[in-house]
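A short write-up of the structure that comes next.
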Amino acid sequence: MDTAFALVDCENFYVSCERVFEPSLRTRPVVVLSNNDGCVIARSQAVKDAGIPMGAPYFQWEERLDAMGAAVRSSNYALYGDMSRRVMHELEQVALRLERYSIDEAFLTLPALERDELYAVAQQLQRRVARRQGVPIRVGIGPTKTLAKVADEKAKGNRPVDTTLPPPGRVYVCPDGEARTAMLRTVPVAELWGIGAAWAETLHEHGVETAEQLRQQPDSWLRRVLTVVGLRLATELRGLPCLELEDVPATRKSLIRSRSFSGRVTDEPTLREAVGKHAQRAAEKLRAEGLVAGYLEVFITTKRFGEPPHYANAAGGTLRPVTHHTPILLRHARRLLRIIYRDSPTYKKAGVILQQLRPETPRQGHLFDDPDPDDVALMDAVDQLNRTMGRGTVGFAAAGVRGERDWTMKREQRSPHYTTQWSDLPVAKAEG
DNA sequence: TCTGGGGTCCTAGGACCC
DNA sequence: TCTGGGGTCCTAGGACCC
């Protein structure tokens with residue numbers, strides 16, 4: 001290999017973050033729940049071993065978790081985001097280049113070394129991150145991103161110990177030649193990065209069950225059945241890189257703000273308030289990133305499960321001139337909501353999507369539509385206040401006033417903001 | 001009673017233009 | 001008896017990811 005790709009994956013990341021600041025959790029089974037305490041989105045090893053699946057509805061497993069003495073935490077994204085930043089910083093000290101792939105995963109490039117040397121580098125990474133941040137990581141290495149992902153799956157095969165210490169051997173380096181072929185024969189296609197349930201089903205119908213079989217398929221067949229995405233995947237499995245390391249984050253193309261409601265929502269005023277809140281938060285995010293939007297979409301849905309009828313609809317509209325101005329977005333959001341609102345359904349979720357994002361300068365066209373300087377000053381002042389005094393200090397009446405509503409989120413078991421709020425700093429006590 | 005939230009890429013098809 | 005051929009832009013929908 002010219003350069004080796006490494007995939008670093010934080011083990012049970014959200015659970016590991018909770019355990020860093022609450023040591024008593026290190027010896028207990030732990031789960032972290034999604035917003036509204038709805039689903040299980042992170043599980044310690046003991047919980048995985050007990051067969052509780054990712055994304056499982058909490059209410060269905062609550063008893064079982066209780067019986068096994070599991071600790072339950074609501075998600076604390078401020079904490080996880082900050083811990084992620086710290087872990088990435090450690091990895092950057094060792095990597096040639098680094099791509100932040102998700103909150104708990106990074107692709108690294110490493111020098112092309114012998115297999116045993118790569119094992120040593122991976123273990124050095126594990127020790128560094130464990131000692132300095134208390135988070136255990138798993139490392140998979142290969143000549144392409146896809147093979148690094150495969151290697152990461154293989155690394156999972158080594159039994160871990162259920163603590164935050166890095167379990168020995170949760171590292172795998174993709175072998176060459178015959179050994180690679182043998183390894184790929186043991187990998188089901190459904191486990192591959194880029195193959196989801198729908199494509200796995202299609203491949204199964206064609207008798208393609210393993211990664212080795214997939215990479216043997218003719219290019220034309222791959223292209224026809226799985227589009228260029230599948231062709232790239234197979235090419236990467238053959239050891240030829242198609243996917244580059246993206247160490248310069250691309251400018252985002254869309255931005256979503258949405259939430260499920262914790263209670264029942266049927267009337268338009270409540271929906272309007274929720275949509276307004278999301279539009280306001282989306283606008284803040286837009287300004288914080290120096291972007292403007294050219295298209296706004298509003299969507300509402302009834303519950304996904306249970307008895308029909310379900311109702312889901314969305315309406316969108318072009319924003320000319322492009323904008324990141326809260327009152328303008330609020331006005332459009334209300335108008336769009338009026339189009340799709342229907343009486344009587346019990347709504348479960350609402351949100352807004354901003355699209356056609358671009359940097360706010362250079363400003364485009366619309367000579368006579370430049371924003372009023374007073375408006376710009378107003379938005380700056382609002383953002384400044386909310387940054388220094390806390391989110392929601394100043395808002396717009398159309399987005400509702402501050403406070404709990406029957407539709408706001410349920411987060412009953414959230415841990416403190418250990419690393420991002422002075423008042424929540426953990427306190428160390430000396431014995432004796 | 002109770003089932004998350006936020007993204008990307010690809011393709012097909014329609015509108016429109018020359 | 002017999003429909004033009006490309007190109008671009010936009011949107012909707014499907015697939016995938018964490």
Side-chain angles (χ1 to χ4, degrees), chain A residues 7-14 31-42 52-63 65 72 74-77 80-81 84 99-107 145-146 149 152 189-203 222-233 242-243 246 249-264 278 281-282 285 289 294-295 297 299 301-307 310 312-318 346 348-357 406 409-412:
Chain A
L7 178 77
V8 171
D9 187 330
C10 297
E11 305 252 19
N12 319 329
F13 183 55
Y14 298 169
V31 295
V32 175
L33 304 179
S34 64
N35 287 322
N36 280 319
D37 295 343
C39 300
V40 173
I41 54 166
I52 298 173
M54 178 70 172
Y58 175 53
F59 74 93
Q60 284 176 4
W61 295 90
E62 189 172 359
E63 239 174 87
L65 286 163
V72 177
S74 305
S75 40
N76 182 348
Y77 290 106
Y80 311 148
S84 172
E99 169 187 341
R100 290 162 190 249
Y101 178 64
S102 74
I103 194 166
D104 67 340
E105 281 180 53
F107 282 106
K145 281 180 154 184
T146 302
K149 272 281 196 183
D152 176 61
V189 279
E191 258 179 35
L192 289 170
W193 184 46
I195 301 292
W199 282 3
E201 177 64 27
T202 304
L203 288 170
L222 289 161
R223 207 190 139 119
R224 181 164 43 82
V225 178
L226 305 179
T227 79
V228 293
V229 177
L231 176 56
R232 275 201 293 259
L233 199 166
C242 297
L243 306 172
E246 290 165 28
T251 332
R252 69 157 77 235
K253 297 180 175 161
S254 67
L255 193 162
I256 301 178
R257 280 295 174 271
S258 71
R259 283 286 179 278
S260 300
F261 305 130
S262 55
R264 306 173 84 75
H278 295 318
R281 295 224 22 227
K285 184 83 178 162
E289 297 187 8
Y295 191 87
E297 184 175 314
F299 67 90
T301 65
T302 58
K303 62 176 175 181
R304 285 185 294 155
F305 304 93
E307 290 303 300
H310 301 308
N313 209 345
T318 305
T346 298
K348 202 51 200 164
K349 183 175 178 177
V352 306
I353 308 176
L354 293 171
Q355 292 171 78
Q356 297 175 19
L357 307 189
D406 51 358
M409 240 201 308
K410 200 169 75 182
R411 273 197 309 202
E412 287 170 351

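Residue numbers begin at 1 in each chain, while the letters A, B, ... track the order of the sequences. Because only heavy atoms are used, hydrogens play no part in the values below, and waters and symmetry mates are left out as well, while side chains stay in.
Among the protein residues, A:Leu243 comes within range of no part of the nucleic acid, since none of its heavy atoms lies under 4.0 Å from any strand.
Spacing between C:dC18 and B:dT3 at atom P, rounded to whole Å, works out to 25 Å.
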Which letter, B, S or -, goes with each nucleotide of nucleotides 8-17 of chain B from 5' to 3', with contact meaning a protein heavy atom under 4.0 Å? SSSS------
Nucleotide-level pairing of DNA chain C, given in dot-bracket where Watson-Crick and G-U pairs need both distances under 3.5 Å and | marks other strands: ....||||||||||||||
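Residues satisfying the side-chain hydrogen bond (donor to acceptor under 3.5 Å, both in side chains) criterion with A:Tyr80, sequence neighbours excluded, are A:Glu18. Take A:Ser74 and apply the side-chain hydrogen bond (donor to acceptor under 3.5 Å, both in side chains) test, not counting sequence neighbours, and it matches A:Asp37. A search for salt bridge (charged side-chain N to carboxylate O under 4.0 Å, His left out) contacts involving A:Lys253 returns nothing, not counting sequence neighbours.
For the pair A:Asp37 CG and B:dC2 C1', the computed distance is 10 Å after rounding to whole Å. The CZ atom of A:Phe261 sits 16 Å away from the C1' atom of B:dT3 (whole-angstrom rounding). Taking atom OH on A:Tyr101 and atom C1' on B:dG6, their separation rounds to 13 Å, with Å as the unit. Taking atom CD on A:Glu297 and atom C1' on B:dG6, their separation rounds to 14 Å, with Å as the unit.
A salt bridge links A:Lys145 to A:Glu99: one of the charged nitrogens lies within less than 4.0 Å of a carboxylate oxygen.
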Below 3.5 Å, can you tabulate the donor-acceptor pairs from side chains in residues 189-202 of chain A to any protein atom, sequence neighbours excluded?
{"residue": "A:Trp193", "atom": "NE1", "partner": "A:Tyr101", "partner atom": "OH", "Å": "3.1"}
{"residue": "A:Thr202", "atom": "OG1", "partner": "A:Ala198", "partner atom": "O", "Å": "3.1"}

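Under 4.0 angstrom from either OP1 or OP2 of B:dT3 there lies at least one side-chain N or O belonging to A:Lys348.
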